[in-house]
Amino acid sequence: MSRADDTRHMARALQLAARGLYTTDPNPCVGCVLVKHGTLIGEGWHVRAGEPHAEILALRQADEAAHGATAYVSLEPCAPHGRTPPCAEALIAAGVSRVVAAMQDPNPQVAGQGLRMLREAGIVTESGLLQSQAEALNPGFIKRMCAGRPLVRCKLAMSLDGRTAMASGESQWITGPAARADVHRLRARSSALLTGIGTVLADDPSLNARLDTDEAVQQPIRVVLDSQLRMPPEARMLSLPGRTLVCCTEAADVEKIATLMDTSAEVHRLPAENGHVSLPALLDFLGCEGVNEVTVEAGATLNGALLQAGLVDETIVYLAPLLMGDAARGLFHLPGLEKMDQRIKLQIVDIRAVGDDWRITVSSLDEAQRNPGDVSHPS
């Protein structure tokens with residue numbers, strides 16, 4: 001098999017993996033292609049946690065023809081027993097002769113064990129083909145496995161003069177229909193949507209993903225930062241399917257907790273910092289909840305606090321061709337920045353037109369160097 005053939009088959013595995021982008025949480029997106037004598041004999045992708053992995057679906061399709069085949073997998077086959085049997089064992093039992101993985105699994109419970117198990121069974125293994133593309137599919141999973149916290153992405157919409165809302169708070173709509181549809185695709189790939197209680201009280205948002213297609217979507221968890229528990233029991237999001245987590249401080253009123261617990265809300269008391277929920281503690285908590293990617297849809301205060309704390313991995317700004325004036329509200333509340341050498345330096349990694357607006361993707365310098373690339377949507 002030539003290198004060009006290997007690359008083509010791995011590209012197909014990555015294309016398949018992306019089909020699970022809206023449904024696999026908390027698992028990563030994975031695709032698998034089985035090829036024998038240059039012919040595709042089986043393929044599959046992981047759809048959702050608890051269901052068969054990509055390798056198993058591809059092996060079922062190939063059946064006995066899998067013996068002697070090459071498996072192209074976007075992520076190292078799993079080795080430990082979990083909710084499903086190990087894929088490495090299934091590949092060995094099927095008699096494949098070669099396994100090419102785009103990247104090693106960052107999960108400490110796997111971390112090379114799957115490839116080692118295959119090699120010990122006499123199967124030729126390779127890793128690293130199209131690795132950067134594979135990493136771009138699962139940045140949040142990689143972050144959670146390596147750091148114990150989810151990837152944090154701030155989503156903002158602004159005018160040409162950098163405003164996100166009028167002085168009155170009115171903000172619907174800054175961007176056009178195409179950009180708003182793109183935001184729902186961004187929501188759909190997110191494990192959780194984070195906002196502050198100020199946004200809830202002002203806008204009563206639904207915080208769910210609504211796509212114009214028939215694609216299956218696993219609704220993201222809704223997370224509200226509400227240090228003093230001002231969350232209204234009649235909030236719109238509490239009547240919607242899916243989980244809503246309200247995170248308060250340990251000093252929150254017990255009666256208010258009981259009132260909210262009578263709704264569909266899950267109330268979690270977290271450590272405080274300066275009277276507010278500690279943002280590092282929040283991310284640690286969400287990591288323990290299996291959250292891979294958090295998209296922040298909030299006001300300037302929460303966005304600014306996350307940015308100044310160095311907790312934002314990526315910012316996506318939708319730029320609309322309009323002006324909103326000096327009195328309108330800005331993107332980030334960043335007190336204390338008074339000199340040029342206090343600037344927060346960022347790296348633009350992608351700019352593209354979305355309808356009449358522009359989508360600008362920005363990462364911290366370290367993050368841009370580690371994981372370049374565009375936010376992917378399944379095709």
Side-chain angles (χ1 to χ4, degrees), residues 14 18 21 130-143 146-147 149-165 171 173-176 178-190 193-194 283 292-324 328-334 336-337 339-379:
L14 291 167
L21 197 62
L130 300 186
Q131 180 167 329
S132 62
Q133 291 90 329
E135 290 173 343
L137 271 177
N138 294 298
F141 178 77
I142 295 169
K143 175 79 178 286
C146 294
R149 292 177 175 175
L151 177 139
V152 177
R153 178 186 296 118
C154 290
K155 187 280 297 180
L156 300 139
M158 74 174 187
S159 60
L160 280 175
D161 50 352
R163 305 300 177 176
T164 64
S171 62
W173 297 99
I174 293 176
T175 55
R180 296 199 296 274
D182 196 63
V183 167
H184 280 281
R185 289 191 291 272
L186 186 64
R187 287 182 176 185
R189 70 162 292 160
S190 303
L193 303 177
L194 171 64
L283 295 183
N292 292 325
E293 297 185 15
V294 175
T295 294
V296 183
E297 297 197 26
T301 300
L302 179 53
N303 281 312
L306 287 164
L307 190 64
Q308 284 195 308
L311 299 175
V312 178
D313 299 290
E314 181 177 82
T315 300
I316 294 182
V317 178
Y318 293 88
L319 177 62
L322 49 85
L323 301 172
M324 296 172 66
R329 300 179 183 182
L331 285 176
F332 297 96
H333 177 59
L334 298 171
L337 297 187
K339 300 179 180 179
M340 288 295 284
D341 61 7
Q342 295 175 313
R343 294 171 298 174
I344 298 174
K345 298 179 181 179
L346 304 171
Q347 173 74 48
I348 295 176
V349 296
D350 184 72
I351 301 179
R352 65 184 60 201
V354 182
D356 293 330
D357 307 306
W358 288 89
R359 188 182 77 194
I360 305 172
T361 304
V362 181
S363 294
S364 69
L365 289 176
D366 288 344
E367 182 66 23
Q369 292 164 0
R370 182 171 65 250
N371 188 27
D374 172 48
V375 173
S376 300
H377 298 310
S379 56

Atom [atom1] in [X], atom [atom2] in [Y]: separation rounded to 0.5 Å?
{"X": "Leu346", "Y": "Ser363", "atom1": "CG", "atom2": "OG", "answer": "8.5 Å"}
{"X": "Leu194", "Y": "Leu306", "atom1": "CG", "atom2": "CG", "answer": "6.5 Å"}
{"X": "Phe332", "Y": "Met158", "atom1": "CZ", "atom2": "CE", "answer": "9.5 Å"}

With a 3.5 Å distance limit and no angle check, can you tell me whether [X] reaches the backbone of [Y] through a side-chain donor-acceptor pair?
{"X": "Asn303", "Y": "Gly299", "result": "yes"}
{"X": "Asp356", "Y": "Ala320", "result": "no"}
{"X": "Arg343", "Y": "Met340", "result": "yes"}

Can you find a pair of side-chain heavy atoms, one from [X] and one from [Y], that are under 4.5 Å apart?
{"X": "Ile316", "Y": "Arg359", "answer": "yes"}
{"X": "Thr295", "Y": "Arg187", "answer": "no"}
{"X": "Tyr318", "Y": "Ile360", "answer": "no"}
{"X": "Leu319", "Y": "Asp357", "answer": "no"}
{"X": "Leu311", "Y": "Leu283", "answer": "yes"}
{"X": "Val183", "Y": "Glu297", "answer": "yes"}
{"X": "Thr361", "Y": "Ile351", "answer": "no"}
{"X": "Glu293", "Y": "Pro139", "answer": "yes"}

Query raised in the report: With a distance cut-off below 6.0 Å to the six-membered ring centre and an angular limit of 45° from the axis, does Arg352 pair with Trp358 as a cation-pi contact?
Result: no
**Report entry** With sequence neighbours excluded, residues passing side chain to side chain contact (heavy atoms under 4.5 Å, CB included) with Asp161
**Finding:**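 By the side chain to side chain contact (heavy atoms under 4.5 Å, CB included) rule, Asp161 matches Ser159, Arg163, Leu323, Met324.
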Query raised in the report: Taking it one step at a time, do Ser190 and Arg153 satisfy side-chain contact (heavy atoms from CB on, under 4.5 Å)?
Result: CA-CA 9 Å; Ser190 303; Arg153 178 186 296 118; 4.2 Å; yes
Query raised in the report: Considering residues at least two apart in sequence or located in another chain, which fulfil the side-chain hydrogen bond (donor to acceptor under 3.5 Å, both in side chains) criterion with Thr315?
Result: none
Query raised in the report: Residues two or more places apart in sequence or in another chain: which of them pass side-chain hydrogen bond (donor to acceptor under 3.5 Å, both in side chains) with Asn292?
Result: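 By the side-chain hydrogen bond (donor to acceptor under 3.5 Å, both in side chains) rule, Asn292 matches Asp25, Arg144.
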**Report entry** Closest non-hydrogen atom pair between Ala136 and Arg189, with its separation
**Finding:** O-NH2, 4.3 Å
Query raised in the report: Shortest non-hydrogen contact from Asp313 to Pro150?
Result: OD2-O, 4.0 Å
Query - More than 12 heavy atoms from other groups under 6.0 Å of CD1 on Ile348 - result: no
Query raised in the report: Is there a side-chain contact (heavy atoms from CB on, under 4.5 Å) between His184 and Leu186 once you walk through the steps?
Result: CA-CA 5 Å; His184 280 281; Leu186 186 64; over 6 Å; no
Query raised in the report: Step by step, would you call Ile344 with Leu307 a side-chain contact (heavy atoms from CB on, under 4.5 Å)?
Result: CA-CA 9 Å; Ile344 298 174; Leu307 190 64; 4.1 Å; yes
